[in-house]
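Comments concern the structure below.
All figures in this text were calculated on a predicted structure; none of them were measured in a lab. Any value given below was found using the heavy atoms of this structure, including those in side chains, with hydrogens, waters and symmetry copies removed. By convention here, the first residue in the shown sequence is residue 1.
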Amino acid sequence: MNIYTVIILTALLVEFAVETVSNLLNLRSLDPELPPEFRDVFDREAYRKSQEYTRVRTRFGIFSGAASLVAVLIFWFAGGFNRLDLLVRSWEWPPVLTGLAYIGLLLLFRETLRLPFQIWSTFVIEQRFGFNRTTPGIFALDRLKGILLAILLGGPFLGGILAFFMYQGEWAWLYIWLAVSVVSVLFQFIVPVWIMPLFNKFRPLEEGELRQSIMEYAESVRFPIKGVYVIDSSKRSTKSNAFFTGFGRNKRIALFDTLVEQHTVPEIVGIIAHEVGHYKRKHIIQGMIIGILHTGALLFLLSLFIGSGKLAEAFFMDRVSVYAGFVFFALLYAPVEFILSIFMEALSRRNEYQADQYAVQTTGRPGAMADALKKLARNNLSNLTPHPFHVLLHYSHPPLLERIRAIRKLEQASV
């Protein structure tokens with residue numbers, strides 16, 4: 001057992017243990033007493049249901065995580081990585097196509113293992129709590145579209161990365177970084193126009209009080225909007241959300257139809273103001289810059305390990321290859337990514353507070369913003385009392401109670 005075997009195996013086991021402890025602490029933190037701040041939107045039954053939803057989803061997450069870990073370990077120590085390599089090499093395809101076949105089959109194997117859990121999550125858990133509206137046909141079509149997009153878009157992109165590492169020498173990582181950076185920016189324009197409509201219908205928000213209020217608010221903060229759209233998200237779930245897409249004068253607002261149905265006009269304007277706050281506070285640009293720098297560091301490290309014989313040996317490989325090294329580095333880098341994610345989640349939570357502050361200051365309606373958050377909590381059966389350790393690891397948004405308290409403080413300060 002070489003050093004890479006020890007590092008990766010230890011990291012997998014430690015990460016699973018930390019995640020399990022986090023989940024168990026989160027379950028223990030469920031408070032049977034409803035926080036006073038939510039008593040105007042939660043009744044006893046709704047609060048009980050939200051806690052039961054947390055319990056069911058958490059236990060399911062522990063079980064599915066354990067199953068995933070066991071599957072990886074069995075495949076690894078049974079020599080599955082080498083057996084698959086021998087299979088794709090026997091086809092005698094060009095090196096890049098061989099690499100694509102190897103990685104593609106691994107991804108297909110992973111998704112096949114995940115499928116029963118996705119089915120249970122959607123048609124049992126989400127159905128039990130009244131969220132699911134996905135039909136078997138939509139479920140199957142979504143996954144088929146995802147596979148086709150992965151083949152048509154991801155295949156050539158991954159093939160280019162493999163080709164650069166195979167043929168461009170020690171500076172391959174730099175060329176790839178530049179290319180990935182350009183593509184990631186282009187995708188900000190391509191995804192909302194070409195990809196998202198493959199999964200949901202976007203219809204322009206009809207004229208009326210809501211559209212007028214949104215446009216008036218956007219104009220008041222000098223935020224140009226090309227269009228306001230409603231997404232037919234209710235065909236999959238009753239959960240609600242809103243988001244922005246695009247840059248410059250091509251920015252678009254997308255509202256889930258469930259959000260339009262469940263919230264008042266001032267509440268929706270408050271939610272949109274929060275999203276505008278992310279743009280105004282430069283969070284979007286910040287995220288892109290961090291993402292580009294992270295990708296560069298990741299690719300540089302990948303270039304150091306992708307041809308490592310010791311790393312290949314840890315997975316019982318007969319031969320060293322770029323494409324297999326690509327997969328093995330992902331497992332080696334996982335603990336670093338786990339640690340980095342903690343800092344990124346903390347940064348995200350800080351940004352959410354800033355966006356809330358911007359929304360309150362520009363709309364002048366802190367009550368509407370707080371009411372919107374409380375309704376979202378009720379409609380999505382959010383956990384109102386998460387454990388701090390679980391928040392540290394997983395929450396990109398502050399707990400709802402903390403956000404509302406911060407909004408109340410802003411309201412008091414403005415009086």
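- Classification of Asp232 and Lys201 as a salt-bridged pair fails, no side-chain N sitting under 4.0 Å from a carboxylate O.
- Tested against Ser233, the residues Asp257, Thr238, Asn200 include a single side chain to side chain donor-acceptor pair (under 3.5 Å) partner, Asp257.
- Figure legend: Lys280 and Phe223 shown without cation-pi pairing, the cationic atom not lying both under 6.0 angstrom from the six-membered ring centre and within 45 degrees of its axis.
- Under the side-chain contact (heavy atoms from CB on, under 4.5 Å) test applied with Val322, the options Val96, Ile161, Ile306 reduce to a single match, Ile306.
- Judged by the 6.0 Å and 45° rule, Arg44 forms no cation-pi pair with Tyr47.
- Under 4.0 Å is where a charged nitrogen must lie from a carboxylate oxygen, and between Arg211 and Glu206 no such pair does.
- Ion pair Arg349/Glu402 not flagged as a salt bridge, since none of the NZ, NE, NH1 or NH2 atoms sits closer than 4.0 Å to an Asp/Glu carboxylate oxygen.
- The residues Arg57 and Glu52 are annotated as not salt-bridged, no charged nitrogen and carboxylate oxygen being separated by less than 4.0 angstrom.
- Residues satisfying the ring-ring contact (aromatic ring centres under 6.0 Å, His included) criterion with His294, sequence neighbours excluded, are absent altogether.
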With side-chain hydrogen bond (donor to acceptor under 3.5 Å, both in side chains) as the test, would you mind laying out the steps for Tyr217 and Thr362 before giving the verdict?
CA-CA 8 Å; Tyr217 170 77; Thr362 56; 2.7 Å; yes
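- The aromatic rings of Phe117 and Phe63 are tilted relative to each other, their planes meeting at an angle between 30° and 60°.
- At a cut-off of 3.5 Å, with distance as the only test, a side-chain donor of Thr5 or Asn2 sits close to an acceptor on the other residue.
- Side-chain contact between Phe328 and Phe305: absent, with no pair of heavy atoms (C-beta onward) separated by less than 4.5 Å.
- A salt bridge between Lys239 and Glu126 is present, with a side-chain N of the basic residue lying under 4.0 Å from a carboxylate O of the acidic one.
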